[in-house]
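Below, chains carry the letters A, B, ... as their sequence lines are ordered, and counting in each starts from 1. No experiment lies behind these values; they were computed from the predicted model shown.
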Amino acid sequence: MLSFSELIYFIVPLVIASTVPLALVALGALFSERSGVVNIALEGIMLMGAFVGALTIKNLEINDDKKLLSFYENDFVPYVEVYVEEEFDKTVTLAENSFYVDLNLTQAQYDKMIEDVNAHFNGDISDQEVNTIATSKTFKSISDSIQDVKTQRYAIIGILVGALVGIVFSLLHAFASINMKANQIISATALNMFAPAFAIFTARQIFETQKVTILRNYRITSVPLLGDIPVIGDLFFKGAYLSTYLGIAIFVIAVLVLYKTKWGLRLRSCGENPQAADSLGINIYKIRYAGVMVSGALAGMGGVIFVLSFAANFNATVSGFGFLALAVLIFGNWKPGRIIFAALFFASMRVLGSVHTLIPFLEELKLQPQIYAMIPYIATLVVLAITSKNSAAPRAAGEPYDPGKR
Amino acid sequence: MEYIVEMLNITKEFPGIKANDNVTLQLKKGEIHALLGENGAGKSTLMSVLFGLYTPEEGTIKVRGEEVVITNPNDANVHGIGMVHQHFKLVHNFTVAENIVLGYEDTKFGFLKFDDAVKKINDLSDKYKLKVDTSSLISDISVGMQQRVEILKMLYRDAEILIFDEPTAVLTPQEIEELMGIMKDLTKEGKSIILITHKLNEIKQVADRCSVLRKGKYIGTVEVENTSVEKMAEMMVGREVNFVVDKEDAKPKDTVLEVKNLTVRNHRLLKDVVKDISFEAKRGEILCIAGIEGNGQTQLVEAITGLTHVTSGNILLKGNDITKFSVREKNNAGVSHIPEDRHKHGLVLDYSLEENLILQSYFEEKFQERGFLRFDEIRQHAKKLIANFDIRSGKGPTTSARSMSGGNQQKAIVAREIDRDTDLLIAVQPTRGLDVGAIEYIHKQLIAQRDAGKAVLLISLELDEVLNVSDRIIVMYEGEAVGEFDPKKTNENELGLYMAGSKRSEA
Ligand SMILES: Nc1ncnc2c1ncn2[C@@H]1O[C@H](COP(=O)(O)OP(=O)(O)OP(=O)(O)O)[C@@H](O)[C@H]1O
Ligand SMILES: [Mg+2]
C-alpha cells in the first residue's frame, strides 16, 4: 500500500490528465451549442482526431527509428569500429540490438573518443545524440534517450493534425445542420457511427490489426525548475504530459475569445436569439460554421491528448469521452468556469474507478472490477438527473436558423 | 429633397398571400409618419422590407433621393435606418450594454472595448431621457426598459430613420406618455420616424401624417391634423367602426364561478402575489378585474385555470370545488381561457391553424376514433371557425400558426375558446395588439357570450375597455382586491386612484 501522500502524488496527475481532454472537448461543445448547433458528434470527431493523430505520431516514430537505425548501421557503427581500431588498436564488432561491448578504455580515452566521434558527426546529429549513442549500452536505450528530445515535438504535431482532422470532419456536421437544415441529432449520430468503422477499416488496411500502437512514452518525468518546487511540483509538474499543459493553455485562450472578443459576443448571441443577431447584421451561417469548426478542432485535439495520456494502444475508441464531455457541458451549465469543475468531478470519478485497488476504503468493499469501472457513468446519470433542472442551455441550440420565423 | 425615404410600388409575397401589393410609402425628413392597417394588413412586412429582412419581389426604395438596394440589416444600417421590432429582438442573457453594442462593436487588439461603449450609451440615455441600467441582464428588466434598450440600439448606430413597430402594445399608460415625448424629442433632433400602432389616439397625439394599408394594398395618406379618428378607422377597415360598445344592461343570474379567500404564493419571491381574494362571477355578466400590470391578475387567472398552484382558498365552479383539478379537468368542467401570452399559452406556433383549433378537444369522440385523429372532421371544424370568426391567413386551415399576423393568431384563440361553449369564459387582455375592427369584433363576441347566459371574466389593463365592456369592476392592487365598482357610476380618474393604490375601500 502507498502512503497517503504518495497516493495523492499518484492520483492528482492522473486526474489532471483526464480532466484536460474532457474540459477541452466540453468547451468545444460549448462553442458549438452557444452558436446554436447541438454537436453530439463529438465522440466521433474525437475518435477521428485520435485515430489520425495516432497514425501521424506512429509514422513519425517509425520514420525516426528508421533514420536512426540506418544512421547507426551505416555511419555510426562502421566509424566507431574503425576509430577504435585505429586509435586504441582494439577490434570491436558492434551488432544490431546488442550494442554492449566493454571497450576497456580509460576515462581519458573514453572522453577523447566522445569528442572525436562528436566532431566527426557534427552536423549530422546533435552532440547530445552522439553522446547518448556513444554511452548507451544497447540499441534500445539509445533510441529511448534520443527520442525524449524529438518526442514532444511529435506529440504537438499529432495534436495539430488531430485538430485539423476534427475541423474537416465537423464540417460534415456543419453542412448537414446549417446548410441542409437537417436534424442535428441524426446527422451527428451518423458521424458517431462512421468514425469507429472508418478507424478500424483503415487501421486493418495498413497494419493488419485494428490497433494503432504508439511506442514511445510522452510523459515528462519532471518539468525543469517547476518540478523542483516542493508539493506543487510533485502534484502538478511531475509525470505529466506536455499535451496537458497545452490543453490548459488552449482552454484559457478559448475562454478569452468567447467572453472578451467581438466574435465571442456574436457567437453567443447566435445560440440564444439568432433572429436578434440577424436583425443586427450578423451572419448566422458564418458564425455557426465557425462554432462547429472550433468544436471540431477542440474535440480533435482532445482525442489526440486522450491517446497520448491513456491509450498508447489506440483501439478505435475514446472510451465514451466525447459523450462524457457532453455531460460535462450540461453539468457545467454551459459555462467555462463550471465546466472545469464538472470535468474535474468526472475525471476524479474515472480515476477512482481505475485505481480503486490502491485506495484502502474502496478496496475493502471488494466489488467486482467492472463495478468500479462503472463509477464515472453512474455518477453522470445521478448528477445530471439532479442538476439539469435549472439549465442555461442556449435557447436556439438545435434549431436550424429560419429567417422567416417570427 | 423632400422625402428622406421613399418606398415605391413594393410587392412582397408569402406562400398563398400578397402581404404587400404595390404599396407606396413616403417619409418626410423630421416627421412622425404613422402606418395604420388592420392585423395582417402587411405593416410589419413592409417595414421588414425597408430594414432588409425581406427582399421584395417588386418595387424600389429611395433613401435621401437615391435609389438603394437593401438586402440585409447591415445595408439598412449604412443608410441610417433603425427598427424597433414588434417582438423585441434582444438576447435575454446578455446585459443591456452587450445588447446595444452587439453587431456594432468597438475593439482594441481584438478585445471588446466596453468602457467607451457604456459611456456613449449613458450619454445617449441622458440626452433622450431613456433610462436604462447598462449592467442588468435583459431577463431581469421590465418590458418598458427593454423597449428603451431597443431605441438606444438604433441611436447607438446613429440611425436617422427610426421605425417603431407597435411600440405601445406592451407598455403601461405612463410609459406610453413617456415614449410619445421621446419620439417628439427625436424629431426635433432631425430624426424621421415611422410609427406603427393600432391606437388611433396615439396617432392623433404625435403623428404628422398617416398612411393606411388594407389587406396588403395601399389606401392613402392623410394629414393627421385634418382627419378625424373615425375617418382613419374607416379608411383602414373599409367600413364604419363603432367605438362605443352597444349593449343592454346585464341581467345576472346564478353564480358560475366562486373564488373564496384565494391566496397564491410565489416561492421564488417569497411573497403572496394574490392575497385572500373572494368574488363571484354570475351568468349573464361580464366581471372585469382591472389593475396595473403586475398586481396579481396574471397569477389569479393562472390559479383559476390551473396553471399555478393555489396556496390556500377555494375555487368553485357551479358549486363544485375545482381547486385541485388538473388543467384538463378544469377545461372539461367548463372553463374556457383566452390567455394573456398567446405564444406561450395560447398556441403551438409550429402547428397548423386547424391543429391549434382542437388543442383542448382532440381527444373527444368528435375528433378521434380509437386513438386515431379524424382529419376530415378537424378540417371541417377549422373551416367553420375560420368562416365564422373571419380568421385571415395565407393557406387557411393548414397555415402554420407562426406565420399568421398577431391579430389573426388572437382571433384563432378567441374562436377556439368561444366555440367550446363553456359556462365560464376567462379573457385576459383579449384585445392586446389588435386593430380597432378586431377589437370591436371581440368586444361584440364577449357581450354575445354574456347574453347567451355565460359568465365572462375579463382581465384588462386598458381603462377604455374596462369601462365600456364590463358590467362590474374589481380593482386589484398588489394582489388584493381594493374596490368594486359599477362602470356606470365610476370614471377613469376614480379607477386610476384605486389602481395606483392611493385609495381603497374597506370591504
Ligand atoms: N414569414 C411569413 N411567412 C408567411 N406568411 C407571412 C410571414 N410574415 C407575414 N406573413 C403573412 O403576411 C401578412 C401580413 O403580415 P404582417 O405581419 O405584415 O401584418 P401586420 O400588418 O404587421 O399585422 P399585425 O398588426 O397583426 O402585426 C399576414 O397575413 C401574415 O400571415
Ligand atoms: Mg405587425
**Item:** Atom group of A/Arg395 that falls short of 4.5 Å from chain B, counting heavy atoms
**Value:** side chain

Neighbour count >12 (heavy atoms, 6.0 Å) for atom [atom1], [X]:
| X | atom1 | answer |
| --- | --- | --- |
| A/Lys181 | NZ | yes |
| A/Lys260 | NZ | no |
| B/Tyr351 | OH | no |
| B/Lys215 | NZ | no |
| A/Phe341 | CZ | no |

Using heavy-atom distances under 4.5 Å, tell me whether [X] contacts chain A through its side chain, its backbone, both, or neither.
| X | result |
| --- | --- |
| B/Lys113 | neither |
| B/Phe111 | both |
| B/Asn72 | neither |
| B/Tyr104 | backbone |

**Prompt:** Does the pair B/His92 and A/Asn273 meet the rule for a side-chain contact (heavy atoms from CB on, under 4.5 Å), with working shown?
**Reply:** CA-CA 8 Å; B/His92 74 108; A/Asn273 192 341; over 6 Å; no

**Prompt:** If you look at every heavy atom in B/Leu102 and A/Arg266, which pair is closest and at what distance?
**Reply:** CD1-CA, 3.9 Å

**Asked** Among B/Asn99, B/Asp106, B/Asn74, B/Thr107, which residue forms the greatest number of heavy-atom pairs with chain A at distances under 4.5 Å?
**Response**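 Of B/Asn99, B/Asp106, B/Asn74, B/Thr107, B/Asn74 has the most heavy-atom pairs under 4.5 Å with chain A.
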
**Prompt:** For chain B, which of A/Ser269, A/Pro394, A/Gly264 has the most heavy-atom pairs under 4.5 Å?
**Reply:** A/Ser269

**Asked** If you check every heavy atom in residues 279-298 of chain A against those of chain B, which residues fall under 4.5 Å?
**Response** A/Ser279, A/Leu280, A/Gly281, A/Ile282

**Message:** Is there a side-chain contact between B/His85 and A/Gln275 in this structure, where contact means two heavy atoms from C-beta onward sitting under 4.5 Å apart?
**Reply:** no

**Message:** With heavy-atom distances below 4.5 Å as the criterion, would you say the side chains of B/Leu112 and A/Leu265 are in contact?
**Reply:** yes

**Asked** To the nearest 0.5 Å, what is the distance between CZ (B/Phe94) and CZ (A/Arg268)?
**Response**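 Output value for this atom pair is 4.5 Å.
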
